[in-house]
Amino acid sequence: MHRLRTTVVRLRPITAPQTAKSQSQARLAAVGGALRTFQPMRSYTASVSAEPFLNGTSSNYVEEMYYAWLENPRSVHKSWDIFFRNANAGAPPGAAYQSPPPLGGVALGLANAQAMVGVQPNVEKLVEDHLAVQSLVRAYQIRGHHVAQLDPLGIMAAIDPGPPPSDIITSNDKLDLSGYKERLYDLTAEEFYGLDESDLDKVFRLPTTTFIGGSESTLPLREIIQRLEMAYCQSIGVEFMFINDLEQCQWIRQKFERPGIMQFTLEEKRTLLARMVRSTRFEEFLQRKWSSEKRFGLEGCESLIPALKTIIDKSSMNGVESIIMGMPHRGRLNVLANVIRKELDQIFCQFDSKLEAADEGSGDVKYHLGMWHRRINRVTDRNITLSLMANPSHLEAVDPVVQGKTKAEQFYCGDTEGNRVMSILLHGDAAFAGQGVVYETFHLSDLPSYTTHGTIHVVVNNQIGFTTDPRVARSSSYPTDVAKVVNAPIFHVNADDPEAVMYVCNVAAEWRATFHKDVVVDLVCYRRNGHNEMDEPMFTQPLMYKQIKKQKGVLQKYAEKLIAEGAVTRQEYEEEIAKYDKICEEAHARSKDEKILHIKHWLDSPWPGFFNMDGQPKSMTCPSTGLTEEELGHIGHIASSVPVEDFTIHGGLSRILKGRAAMVGQRVCDWALGEYMAFGSLLKEGTHIRLSGQDVERGTFSHRHHVLHDQNVDKRICIPMNHIAPNQAPYTVCNSSLSEYGVLGFELGFAMASPNALVLWEAQFGDFHNTAQCIIDQFICPGQAKWVRQNGIVLLLPHGMEGMGPEHSSARPERFLQMCNEDPDAYPKFSAEEFAVRQLYDCNWIIVNCSTPANYFHVLRRQILQPFRKPLIVFTPKSLLRHPDAKSSFDDMLLGTHFQRLIPDSGPVCEKPDGVKRIVFCTGKVYYELTRERKNRGMDNTVAIARIEQLSPFPFDQVKVETDRYPNADLVWCQEEHKNQGYYDYVKPRLRTTVDRTRPVWYAGRGPAAAPATGNKAAHLVELQRFLDTAFNLDAFTGQS
Ligand SMILES: Cc1ncc(C[n+]2csc(CCOP(=O)(O)OP(=O)(O)O)c2C)c(N)n1
Ligand SMILES: [Mg+2]
């Protein structure tokens, strides 16, 4: 209560009387005592609509005129003199103004008007009253929602408005203003805009910023108040006046203010009732059959179902063909049944825990599964595809994923304005206010490469989160305030008024179709049961639940209303109920025949044509990922040139491009060029590529330069990658908002839509992925196991200890490795030919740390050329981007070449392997430090160095070749990361398994630590030297066991 009361006081009218008082008092003091007949009042602004020339922009000028006239009537033009004198004399609205005299003559009007001069002056009252009415209208528009009857329970737990704002009269019987003010606020007449009872029957001209008049331009004050109340203080509370676009504000005013707008045909009412029947009886059916099962029922917000259906109908009418939805637990089964129209028997099967799953993977609980369904929309008779995305428990995490998938579908069907594909996001009140990813998702909504051209958000605002009251769950008045950051209008609506719900949903859909911007529908409702059906809510919300127990169900209330109106008969209503109950019973009977559960039937993103009829890969081989010499040369040429005319690039960039051209001439690639070769070739082969993340266009380390900027023309850019070949696929490279959670979620969603695109998200530095951990832990790592859905997203995570401090160093490989589903203690039983591909097929994700540009090139191409999709995590280099040795010859990228899971030592050790005393296994950049050190120590014959490029799945077979090759060597794992981090804990048991535990595995690397890296450069170098010493000291492990 307290919070809103203070809000109200704070918001108390920028009322004319108050502002005017202070301003004009100051002014009056200046002009002295010549003004005895005038009250201190900015009277000129009172009647903007009455005097059309008194609009906002002219008011300052008029103000000056007015004060000048007050001081000396002759100091202003005659016409102003007449105007002020007429107004002063009580001329009605519009009559005070007379045109200025034409040049060279005296206007007739002027002469007539002059006749009025001399009447008893009371202009200040008139103008003040008009100003008051205008302020009143505005107050309802701004704050009417605080007074609206939004809470079905009438206890306003969620809205907590305190007493009504002082500047709004809340109902007809309160029109006794003096009593009203006395009771509530002790306001003086001036504080209530100077209006009192005697003004109620006066007629006022309406400002142009309201539509309450319909075809009338003037109305009595009593009627104005009644109409404002009808528009803003019934079951709908509209929050929109913060929107900084006049056209949009006017559009909304029209939608809610026009008299008679909330009228529905008989057919609409009956459809609404039928939808309410389905929604209500579905939950009742589940409750009857499985009373002790968690289902997170919708009771208390049954109107969600007609709400969604209204949005879908209206959007279908507007041409939308595909809707992608994301939603939390509450009412999800109901949405699946009654919105998506999943077969009821399939839903009911999910309650049978004894049914065996037919698919691989661990599956998920029923209220997390997704769905995809194409059907005819009965209202529009048009095809519509509805998909509900599978999601984890983590509330709101699915939001950006839905957006990414929506964007992808729009992209693939060329829907550049979101006319055919759209998204709907559902939220709980507590989660919507509490989860930061909601904000991150809103901030994607208007960015060119991320917009989905408007999302309709629906909040199931049951005024509680589990056991927590709103007053301790958020600091904002409403759970929806976050939407204001993107100027999305917010329609609060009492969910116990289904017609009002239907109305706002129609407006929301129209808003999206008109402005292509986000909009929020806040369904203010209650939760009839506990958080789930097993929970006791009276422990924590006793009073609320006492009220809820008394609360009549919304279906019953609405049915009674329609029966009373004669829109349906009781018999028809009962028949409708019986009909739906029968449908449920029959489906339940059918569900008992089901013997097996198919998670596949709950797929939200089918990939038609990608798998064979059994849902398996079409082959189990991967072709060579190499290219022809010409292709390499051609792409290299594009990478080192500016393929458009008259385009001035930066001098530094010219040098970079020249350097690239020189490399192409020498048939070598650095990291950036290797990436170019992979992207360019895939684009040429028809694969869309999308690279997104913070500063990816240039590349954080200024190595990529995929977008060239004309140095002379603002915003003129060139993306050479889009000039590879005439029929190539488009390349999207986009700097993102500074978000990881939101943007990674978005790209994951984008990658879900099609297997035929390479979608990459690059972290600025690898460690920043931890703010997107939920997307990694809940979607990327276990997605296939939970939801039988593959995903080929690529994460590029810059990683490496380079003395840059605790952050910016480690992409935390240990975390990714720890989450691999591979058994470290079992050597895989695959044939030699299939070993690599079978391992890949079984893994939950692929983790690589490439040491050469060629290998990076191959792994990117393999991601598309392999016959299935797995997420790919790439630890990418920083200093290696420019390391003179970290280059690859074209020879390593030609046709017939492929990704090397392990790069064996090809140096002198190969000649006499028996003489090799140690084999050091490593991954990534440390290889270059090891080879330098080995050379310095003259140990090229005694120590072999093997690079494990693919960490997961672990290349057991190739590691075995190496351990067998050097039978007399001890085995060392060397890493630059700390011992409790990096790869050691992952690699050691696998190396042991490879050698059948016959040989020990020693460690050379940094000791255990809490922070990923030291902040001191000198300490960094000391540590480096120390572990290199260990790696090459052949006695380092002597005597240890
Ligand atoms: C990120 C996250 N934190 C905590 C939870 C545990 N949890 C599940 S439902 C819930 C309450 C959600 O309240 P609200 O968003 O209002 O939805 P309601 O259940 O009221 O429909 C909580 C805290 C969760 N699922 N996700
Ligand atoms: Mg809630």
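These numbers come from the heavy atoms of this one structure, side chains and all, not from hydrogens, waters or symmetry mates. Throughout, residue positions are numbered sequentially from 1 according to the sequence presented. We count ligands from 1, going down the list as the structure has it; atoms in each ligand are counted the same way.
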> Which residue pairs satisfy the salt bridge (Lys or Arg N to Asp or Glu O under 4.0 Å) criterion with at least one member in residues 772-788, sequence neighbours excluded?
Replying inline: none
> Below 6.0 angstrom between ring centroids: does that apply to His368 and His394?
Replying inline: no
> Any idea which N/O/S atom from Asp429 gets closest to the Mg ion (ligand 2)?
Replying inline: OD1
> Aromatic ring centroids of His145 and Tyr478 under 6.0 Å?
Replying inline: yes
> Just by distance, do the side chain of Asp345 and the backbone of His588 share a donor-acceptor pair under 3.5 Å?
Replying inline: no
> Would you say the ring centroid of Phe282 lies under 6.0 angstrom from that of Tyr580?
Replying inline: no
> Can you tell me if Asn462 has an N, O or S atom under 2.8 Å away from the Mg ion (ligand 2)?
Replying inline: yes
> Aromatic ring centroids of Tyr503 and Phe256 under 6.0 Å?
Replying inline: yes
Between the protein and ligand 1, which nitrogen or oxygen pairs come in under 3.5 Å, and how far apart is each?
residue, atom, partner, partner atom, Å
ligand 1, 15 (O), Ala430, N, 3.4
ligand 1, 15 (O), Ala431, N, 2.9
ligand 1, 16 (O), Asp429, N, 3.3
ligand 1, 16 (O), Asp429, OD1, 2.5
ligand 1, 16 (O), Ala430, N, 2.9
ligand 1, 16 (O), Ile464, O, 2.9
ligand 1, 19 (O), His329, NE2, 2.8
ligand 1, 19 (O), Arg330, NH2, 2.8
ligand 1, 20 (O), Asn462, OD1, 3.0
ligand 1, 20 (O), Asn462, ND2, 2.9
ligand 1, 20 (O), Ile464, O, 3.0
ligand 1, 21 (O), Arg330, NE, 2.9
ligand 1, 21 (O), Asn462, ND2, 3.3
ligand 1, 25 (N), Ser393, O, 2.9
ligand 1, 26 (N), Leu395, N, 3.1

> Within Ile464, is some N, O or S atom less than 2.8 Å away from the Mg ion (ligand 2)?
Replying inline: yes
>> So that I know where these two stand, are Trp761 and Phe746 an aromatic pair - ring centroids less than 6.0 Å apart?
In response: no
